[in-house]
Amino acid sequence: MAKTKTPQAIRGTQDIFGAEAESFAFVVETFERVRKLYRFRRAEMPVFEKTEVFARSIGETTDIVSKEMYSFEDRGGESLTLRPEFTAGIARAYLTNGWQQHAPVKLATHGPLFRYERPQKGRYRQFHQIDAEIIGAAEPQADVELLAMADQVIRELGIEGVTLHLNTLGDGDSREAWRAALVEHFRSVKDELSEESQERLEKNPLRILDSKDRRDQRFVADAPKIDDFLTDEARGFFDAVTSGLDAAGVKWVRAESLVRGLDYYRHTAFEFIPDDGSAAADALGSQSTILGGGRYDGLIESLGGPATPAVGWAAGIERLAMLVGEKGEPNADVIVVVEDDDFMSQAFVALGLLRGDGLSAELMAAGSPRKRFDKASKAGPRAIVSLGGQGSLAAPVRSDDEALVNRVGDLLSRSTQFIQSSSPRT
RNA sequence: GCGAUCGUAGCUCAGUUGGUUAGAGCGCCGGUUUGUGGUACCGGAGGUCGGGGGUUCGAGACCCCUCGAUCGCCCCA
């Protein structure tokens with residue numbers, strides 16, 4: 001038989017296992033716990049949608065839509081796309097399921113997203129996010145509550161050295177006026193900007209503001225500020241958000257040049273970013289944002305729904321997992337060692353008893369019988385039950401934990417399979 | 001899409017200016033020792049050196065292509 005080649009995993013996908021998988025699970029479990037504290041309701045959406053769901057809401061000119069989507073035709077010839085983010089799909093679900101009746105709704109979800117990008121540290125083609133959205137709430141209190149939750153998730157994950165960067169993009173009119181002023185400002189010095197920013201000038205002028213290129217930064221300093229274009233209403237909204245955050249004890253800094261990549265953002269925009277020089281910044285490489293979001297009051301309309309205010313955020317699980325440190329896999333409470341294969345069935349009785357009582361238990365019954373105890377011992381369980389070691393039905397329990405020895409001894413004595421020995425200790 | 005570095009056993013890596021049958025540690029399997037034990041010793045399995053092509057008497061080493069990884073740019077979580 002010809003040797004079959006093992007297919008490789010798809011570029012930019014990951015197989016997560018062991019300590020890394022524990023960190024990943026820790027992030028998700030923490031999110032689930034905190035989300036219930038804030039009374040966000042769990043939602044599940046499909047991982048793929050009609051392409052137009054994303055194209056229309058995210059913005060045709062954004063990088064995500066113009067070059068990063070995994071799109072394909074199904075057998076009926078319809079263009080479908082693997083979700084590159086949660087918000088658009090949630091908005092669609094909100095409209096097509098009549099969730100409007102629950103408005104305002106607080107929703108939480110998590111799962112895989114797909115973006116066709118060059119993989120690097122903290123960035124994958126299939127990646128995972130936790131996500132929280134409040135749909136149908138126009139009040140700044142919604143922004144405050146959403147951010148308080150984000151802040152608590154990060155704190156409960158034990159992540160340090162990360163700060164909330166906050167900005168406002170104003171309402172639609174403010175944003176447009178500001179954008180026009182920025183274009184004018186940068187166009188006057190176009191030839192002195194970096195090549196990339198010259199392109200951004202046409203496509204996405206707001207992004208010039210956070211360019212890393214020195215040539216751009218001199219002109220960023222005296223660029224028009226959003227604050228000068230804010231309507232009274234937009235300013236009032238932002239003030240309400242910031243004072244709410246202060247009252248809620250959420251630390252934040254103003255980031256005047258923080259803009260978000262997607263077209264649908266209005267008013268509040270924010271990112272949680274590691275502080276310069278912190279361990280977190282180090283661990284993340286060039287990927288800085290671990291959680292980002294904002295208010296998207298226009299999105300639902302772009303999908304054909306009624307004008308509906310909403311705010312949300314998403315955070316990369318992989319990026320968070322890199323910051324929570326190693327979460328080792330816990331050792332077994334008990335390992336049952338079969339030192340003589342004649343005692344195999346007793347081992348299953350013992351395992352059933354132990355697991356039924358809530359103790360994690362593992363069987364060690366393969367390989368050289370004489371080495372099994374050593375292997376069990378090496379695995380570092382809280383206790384070891386040895387079967388057949390003395391050629392008898394006795395099942396000695398080895399542990400430094402006296403209470404556990406007694407508990408295991410009591411459990412085993414429930415079966416006539418075992419003539420309990422006088423629990424010798426080591 | 002662009003750039004840099006890198007691909008040798010399951011894992012971490014050696015492998016001299018290209019030169020015989022490609023090595024070590026850990027892990028795994030078996031045996032001996034110990035005999036209430038996490039020890040030590042012996043032995044074994046496992047590699048078409050990422051894949052393909054080329055240069056050469058001879059390539060794991062050099063060249064080209066390709067796939068992948070890592071790290072940046074762009075952008076984002």
Side-chain angles (χ1 to χ4, degrees), chain A residues 2-3 5-15 17-18 27 58-59 61-69 83-87 110-131 150 154 162 194-197 199-200 203-204 206-208 210-213 258-262 270-274 284-293 312-323 331 335 337 339 364 366-381 384 386 389-391 394 396-400 421 424-426:
Chain A
K3 173 149 187 183
K5 280 210 177 72
T6 305
Q8 289 176 313
I10 305 299
R11 169 171 230 184
T13 62
Q14 6 166 31
D15 302 304
F17 174 73
V27 171
I58 299 173
T61 62
T62 60
D63 279 22
I64 291 182
V65 173
S66 63
K67 56 186 193 192
E68 294 175 1
M69 295 206 300
R83 44 141 90 141
E85 58 140 46
F86 278 115
T87 308
H110 64 83
L113 291 309
F114 306 85
R115 252 122 93 162
Y116 192 90
E117 289 187 278
R118 196 69 179 268
Q120 59 182 272
K121 188 171 200 163
R123 171 198 270 165
Y124 307 93
R125 296 244 272 207
Q126 177 180 332
F127 59 105
H128 303 79
Q129 289 184 342
I130 51 178
D131 181 280
I154 287 171
V162 169
S194 67
E195 299 74 24
E196 279 148 4
S197 285
E199 266 184 55
R200 284 191 273 237
K203 278 179 59 182
N204 199 350
L206 303 198
R207 286 236 80 97
I208 300 176
D210 57 1
S211 168
K212 290 172 190 163
D213 199 302
L258 186 153
V259 297
R260 306 229 72 230
L262 314 182
F270 53 85
E271 294 179 356
F272 281 78
I273 300 175
L284 283 167
S286 71
Q287 259 52 250
S288 54
T289 306
I290 58 171
L291 182 154
W313 57 254
I317 298 178
E318 288 87 350
R319 290 184 188 176
L320 292 169
M322 285 191 279
L323 301 182
N331 292 339
I335 294 183
V337 182
E339 301 205 64
M364 183 68 70
S368 169
R370 304 171 89 170
K371 290 189 173 169
R372 290 176 193 170
F373 192 96
D374 284 355
K375 278 159 74 177
S377 194
K378 253 186 179 172
I384 294 176
S386 156
Q390 298 169 311
V397 182
R398 315 267 163 212
S399 176
D400 295 331
S421 70
R425 290 170 193 109
T426 48

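Throughout, a chain's letter reflects where its sequence line sits, starting with A, and its residues are numbered from 1. Only heavy atoms go into these numbers, but all of them, side chains included; no hydrogens, no water, no symmetry mates.
When the P atom is used for both U16(B) and U34(B), the distance is 45 Å, rounded to whole Å. The same atom, C1', is picked in G31(B) and in G50(B); the two are 37 Å apart, to the nearest Å. The same atom, P, is picked in C62(B) and in U5(B); the two are 13 Å apart, to the nearest Å. Comparing the C1' positions of G47(B) and C11(B) gives a spacing of 14 Å, expressed to the nearest Å. Nucleotides C42(B) and U36(B) place their C1' atoms 25 Å apart, quoted to the nearest Å. Remark: the separation of the P atoms in A59(B) and G1(B) is 35 Å, to the nearest Å. To the nearest whole angstrom, the two P atoms, one in U55(B) and one in G60(B), are 16 Å apart. G7(B) and A45(B) are spaced 25 Å apart, taking the C1' atom of each and rounding to whole Å.
Side chain of Gln129(A), nearest nucleotide from U36(B), G72(B), A77(B): A77(B).
Contact detail for Pro381(A) and Ala376(A): the closest heavy-atom pair is CD-O, 3.1 Å. Considering every non-hydrogen atom in both Glu339(A) and Ser386(A), the closest pair reads OE2-OG, 2.7 Å.
Applying the side chain to side chain donor-acceptor pair (under 3.5 Å) rule to Thr289(A) yields the partners Glu271(A); only residues at least two apart in sequence or on another chain are considered. In this structure Arg200(A) satisfies the salt bridge (charged side-chain N to carboxylate O under 4.0 Å, His left out) test with no other residue, sequence neighbours excluded. Applying the ring-ring contact (aromatic ring centres under 6.0 Å, His included) test to His128(A) and every residue at least two apart in sequence or in another chain returns Phe24(A).
With Asp131(A) contributing its side chain and Phe86(A) its backbone, the two residues share no donor-acceptor pair below 3.5 Å. The backbone N or O of Pro112(A) lies less than 3.5 Å from a partner atom in the side chain of Arg83(A), making a donor-acceptor pair.
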Taking N or O atoms only and anything under 3.5 Å, show me the protein contacts with nucleotides 38-43 of chain B, one pair per line.
residue	atom	partner	partner atom	Å
G38(B)	N9	Ser377(A)	OG	3.3
G38(B)	N7	Ser377(A)	OG	3.3

Using a cut-off of under 3.5 Å, enumerate the N/O to N/O pairs linking the protein to nucleotides 1-8 of chain B.
residue	atom	partner	partner atom	Å
C2(B)	N4	Arg118(A)	NH1	2.6

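For the pair Arg125(A) CZ and A77(B) P, the computed distance is 18 Å after rounding to whole Å. Counting to the nearest Å, the C1' atom of A69(B) and the CD atom of Gln14(A) are 13 Å from each other. The nearest whole Å value for the distance from the CZ atom in Arg372(A) to the P atom in C28(B) is 15 Å. Distance, Lys375(A) NZ to C26(B) C1': 16 Å, rounded to whole Å. Look at CD on Glu339(A): it is 9 Å from C1' on U36(B), rounded to the nearest Å. Atoms NZ (Lys121(A)) and P (C71(B)) sit 6 Å apart, rounded to a whole Å. Distance CG (Leu258(A)) to P (A77(B)): 11 Å, rounded to an integer number of Å. Whole-Å rounding puts the Leu284(A) CG to G72(B) C1' distance at 15 Å.
One finds the CG atom of Leu291(A) at 7.0 Å from the CG atom of Leu320(A) (value rounded to the nearest 0.5 Å). Rounded to the nearest 0.5 angstrom, Gln126(A) CD and Glu318(A) CD are separated by 8.5 Å.
Each of Gly285(A) and Arg319(A) has a nearest nucleotide on RNA chain B; the 5'-most of these lies closest to Gly285(A). The 5' end of RNA chain B is approached more closely, in terms of each residue's nearest nucleotide, by Pro369(A) than by the other of Gly316(A) and Pro369(A).
Looking at heavy-atom distances under 4.0 Å, Gln120(A) makes contact with a base. Contacts of Phe272(A) with the nucleic acid, taken as non-hydrogen atoms under 4.0 Å apart, are absent. Residue Arg200(A) is classed as a sugar-phosphate contact, given heavy-atom separations below 4.0 Å to backbone atoms only. Using a 4.0 Å heavy-atom cutoff across all strands shown, Arg11(A) reaches sugar-phosphate atoms only and no base atom. Within the 4.0 angstrom heavy-atom criterion, only backbone atoms of the sugar-phosphate kind lie near Gly12(A); the bases stay farther away. Across all strands, Leu320(A) comes closer than 4.0 Å to no nucleic acid atom at all (heavy-atom distances). Among the protein residues, Ser288(A) comes within range of the nucleic acid bases, having at least one heavy atom under 4.0 Å from a base atom.
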Just the dot-bracket of RNA chain B, please: which string comes out with Watson-Crick or G-U pairs under 3.5 Å, [ ] for crossing, | for another strand? (((((((..((((.....[...)))).(((((.......))))).....(((((..]....))))))))))))....

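Applying the 4.0 Å criterion to OP1 and OP2 of G72(B), one finds that Ser286(A) has a side-chain N or O inside that range. Residue Arg260(A) places none of its side-chain N or O atoms closer than 4.0 Å to OP1 or OP2 of C75(B).
Residues Arg115(A) and Lys67(A) fail the side-chain proximity criterion, which asks for heavy atoms closer than 4.5 Å. For the pair Phe270(A)/Leu258(A), no side-chain contact is recorded, criterion being any heavy-atom separation below 4.5 Å from C-beta on. Between Tyr124(A) and Leu113(A) the shortest side-chain heavy-atom distance does not fall below 4.5 Å.
Counting heavy-atom neighbours within 6.0 Å of Gln120(A) CD, excluding the residue itself, gives a total above 12.
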Step by step, work out the side chain to side chain contact (heavy atoms under 4.5 Å, CB included) result for Glu85(A) and Ile58(A). CA-CA 9 Å; Glu85(A) 58 140 46; Ile58(A) 299 173; 3.7 Å; yes

